[in-house]
Amino acid sequence: MSHPTESRPDAEGDAAPVRDAAPVGNAAPVGNAAPVGNAAPVGQAAAVGDSARVAAGEPPSTRSWAVPLAVLIVGMFMSVLDITIVNVAIPAIQRDFGTTTEDIQWITTAYSLALGVIVPVSGWLGDRVGLTRAYNVSLLAFAAGSALCGLAWHLESMVVFRIIQAIPGGILPVVTLTMVYRIVPREKIGTAMGLYGLGIVFAPAIGPTLGGYLVEYVDWRLIFFINVPIGLLGAALGYFLLPAFAQAPAARFDMLGFLTVAAAMFSLLLALSKGQDWGWTSYRVLMLIVGGLLSLALFVVIELEIDNPLLDMRLFKLWPFTNSLLLITVLSVGLFAVLFYVPLYVQEGLRIQPLRTGLLLLPEALVMGLTMPVAGRLYDLIGPRWPAVVGLAIAAYGTYLLCDISADMTQRDVVVWTCIRALGNGLAMMSIMTAGLAAVPPDQVNGASAINNVVQRVASALGLAVLTSLAATHQAQVMADRKSRIVVSDTHGPPGLADLVKQGPMGLYPVMQRLQLEVTATAYSNVFLVCAVLTAAGAVLALMFKVPHGADSAAAASVPVEGAPAPPPH
């Protein structure tokens with residue numbers, strides 16, 4: 001977003017170019033240097049209100065950014081919570097609508113497809129209509145879409161309403177992340193992102209608990225209706241408490257870029273969502289994957305050739321930003337794999353009800369919620385490298401512990417393993433994301449946050465699809481091997497198997513049920529092993545992040561001063 005003023009009068013009345021402002025960590029004495037964020041000299045600062053400073057692209061004072069940040073967290077939390085809370089209600093919705101398991105999955109598939117299309121254009125929308133207006137309108141639209149989902153009367157209406165809900169749901173994460181970087185002082189960005197991250201990591205983790213309670217004791221429709229008062233309250237708070245941002249000059253909409261990236265995201269997400277049902281080698285899936293990859297390649301070519309790209313692919317030349325995207329991919333794959341496979345096996349293997357399953361995962365969410373603000377403070381003090389490295393190492397260890405998943409594991413095992421992993425995620429996630437965006441020039445944060453969200457969405461869908469295919473293939477191979485042993489010789493089975501074989505299918509049913517659980521546990525164990533190896537490899541990549549020279553320079557290493565040239569990639 002461009003800024004209307006390129007210079008500020010200095011204490012002597014002469015124009016001091018913004019690019020000459022001293023970095024945060026190396027500021028000259030107050031009377032001689034322009035403060036951070038292009039602010040006027042101290043003698044004139046009192047005359048400039050926070051709203052006016054933010055409108056000019058400058059961060060407000062430390063005293064005033066906490067309240068707007070809290071408002072943004074509300075919107076972010078609501079939009080991300082919806083991703084996992086709906087999954088718990090799928091069986092109940094299926095029973096009410098009387099539809100098949102394959103068809104009911106379109107409730108989540110349609111939402112993901114719509115997100116893939118709208119997220120790339122969210123940055124342009126924020127610039128075009130204004131960040132605050134885009135945030136408030138998106139909150140109201142999300143509340144309205146949620147209300148429609150709660151009123152759905154059959155599957156077709158639910159799918160349509162989920163698409164309507166996904167449009168503002170894709171805009172919210174992009175504009176909120178950009179606004180955080182506009183309202184928070186640069187030396188406090190790590191602390192702010194640690195709090196903001198509650199919506200990104202804590203919300204998906206608490207979704208199964210809240211969803212399980214509402215489905216089991218109230219009604220599945222409440223998981224949608226609960227968004228209505230939250231959305232209305234958030235929009236009202238946003239209207240009164242969020243500052244007005246300067247609107248960017250109207251840029252020509254990149255229609256070719258939008259069509260190609262929308263086609264790419266739609267094709268790839270649809271192939272990944274339905275690959276297990278349609279078959280990964282089926283004609284439909286292969287055509288979708290090939291078409292999606294070609295559209296993506298064409299999109300990159302278009303974006304590199306035009307002056308006003310929808311998503312600036314040149315940002316990938318900044319290694320800290322690209323490195324952060326790789327690490328976010330690793331963390332997103334691991335996070336959603338655990339949130340998908342652990343509740344699934346706990347309910348099937350340990351025969352635990354949905355609410356109790358959600359409560360088992362609640363400590364994981366609490367650990368992340370407590371850790372992320374601490375990680376943000378560490379970022380401000382020592383930079384991103386060591387919180388990211390240590391966090392990824394702990395997360396890798398916690399994921400490795402999950403390889404012991406079995407029908408004989410206890411509920412205590414589930415809590416301990418997931419909490420260890422959550423501790424690592426909480427330390428690493430926000431440090432990684434903040435370090436990546438810190439390398440981006442301030443006027444390109446909007447586009448960078450859009451790329452960030454696209455990567456998170458695609459990585460979670462792609463990773464879960466690949467891991468599910470891996471688990472299904474391994475499960476089929478192990479099951480076939482175990483069954484052949486039973487058929488060939490009953491001496492390979494447990495004591496008394498021969499008598500059970502003589503009883504026919506009813507006698508073998510308990511054996512086959514136990515065998516199915518063991519085979520499933522083996523397949524899931526391999527999935528967690530892959531996630532653990534990827535996370536450990538991520539810890540090595542995190543060593544490439546820059547370590548500031550001393551605590552005083554931590555802020556200077558976080559985000560470039562507004563209006564100053566971006567630091568070179570490290």
Side-chain angles (χ1 to χ4, degrees), residues 1-6 18-19 54-57 113-138 141 163 166-179 181-182 243-269 291-318 321-322 325 437 439-455 457-458 560 562-566:
M1 185 172 294
S2 62
H3 306 288
T5 305
E6 294 300 332
V18 172
R19 66 178 59 90
V54 173
L113 294 177
L115 283 179
V117 172
I118 195 63
V119 167
V121 78
S122 299
W124 181 86
L125 285 173
D127 287 339
R128 186 68 179 84
V129 305
L131 292 172
T132 303
R133 185 180 302 163
Y135 175 82
N136 291 332
V137 172
S138 296
I163 293 174
I167 294 173
I171 297 173
L172 279 170
V174 176
V175 297
T176 52
L177 186 56
T178 304
M179 292 167 77
Y181 270 77
R182 296 290 175 83
F245 294 87
Q247 188 169 328
R252 184 177 180 180
F253 183 65
D254 179 13
M255 181 58 71
L256 284 177
F258 171 69
L259 292 176
T260 50
V261 74
M265 293 297 100
F266 184 89
S267 300
L268 292 175
L269 289 173
L293 292 176
L294 290 176
S295 296
L296 189 61
L298 180 59
F299 168 75
V300 172
V301 173
I302 292 173
E303 299 307 279
L304 291 175
E305 294 296 327
I306 64 176
D307 294 331
N308 297 305
L310 188 66
L311 297 176
D312 193 353
M313 295 293 102
R314 298 174 184 87
L315 291 176
F316 286 95
K317 294 180 180 179
L318 300 172
F321 179 68
T322 302
L325 295 180
L437 293 175
V440 176
D443 60 340
Q444 294 180 288
V445 169
N446 213 5
S449 63
I451 294 175
N452 197 298
N453 278 274
V454 169
V455 168
R457 305 291 184 185
V458 175
E562 190 78 37

How many angstroms lie between atom [atom1] of [X] and atom [atom2] of [Y], to the nearest 0.5 angstrom?
X    : Y    : atom1 : atom2 : result
R133 : R128 : CZ    : CZ    : 10.0 Å
L113 : I118 : CG    : CD1   : 13.5 Å
L296 : L268 : CG    : CG    : 6.5 Å
I451 : F316 : CD1   : CZ    : 4.5 Å
D312 : L318 : CG    : CG    : 9.0 Å
L293 : L298 : CG    : CG    : 12.5 Å

Could you report the tightest heavy-atom contact between [X] and [Y], atom names first, then the distance?
X    : Y    : value
M313 : F299 : CE-CE2, 3.8 Å
F321 : V440 : CD1-CG2, 3.8 Å
A448 : L437 : CB-CD2, 3.7 Å
E303 : L311 : OE1-N, 3.1 Å
R314 : P309 : NH1-CG, 4.3 Å

**Study point:** Which residues share a side chain to side chain contact (heavy atoms under 4.5 Å, CB included) with V175, sequence neighbours left out
**Key:**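 By the side chain to side chain contact (heavy atoms under 4.5 Å, CB included) rule, V175 matches L131, A134, Y135, I171.
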Check your understanding: Restricting to pairs with a member in residues 257-268, which pass side chain to side chain donor-acceptor pair (under 3.5 Å), not counting sequence neighbours?
Key -> none
Exercise for review: Show your working on side-chain contact (heavy atoms from CB on, under 4.5 Å) between L310 and F253 and close with a plain yes or no.
Suggested key: CA-CA 7 Å; L310 188 66; F253 183 65; 4.0 Å; yes
Review point. Are any side-chain N or O atoms of S122 and backbone N or O atoms of A450, one a donor and one an acceptor, separated by less than 3.5 Å?
Key: no
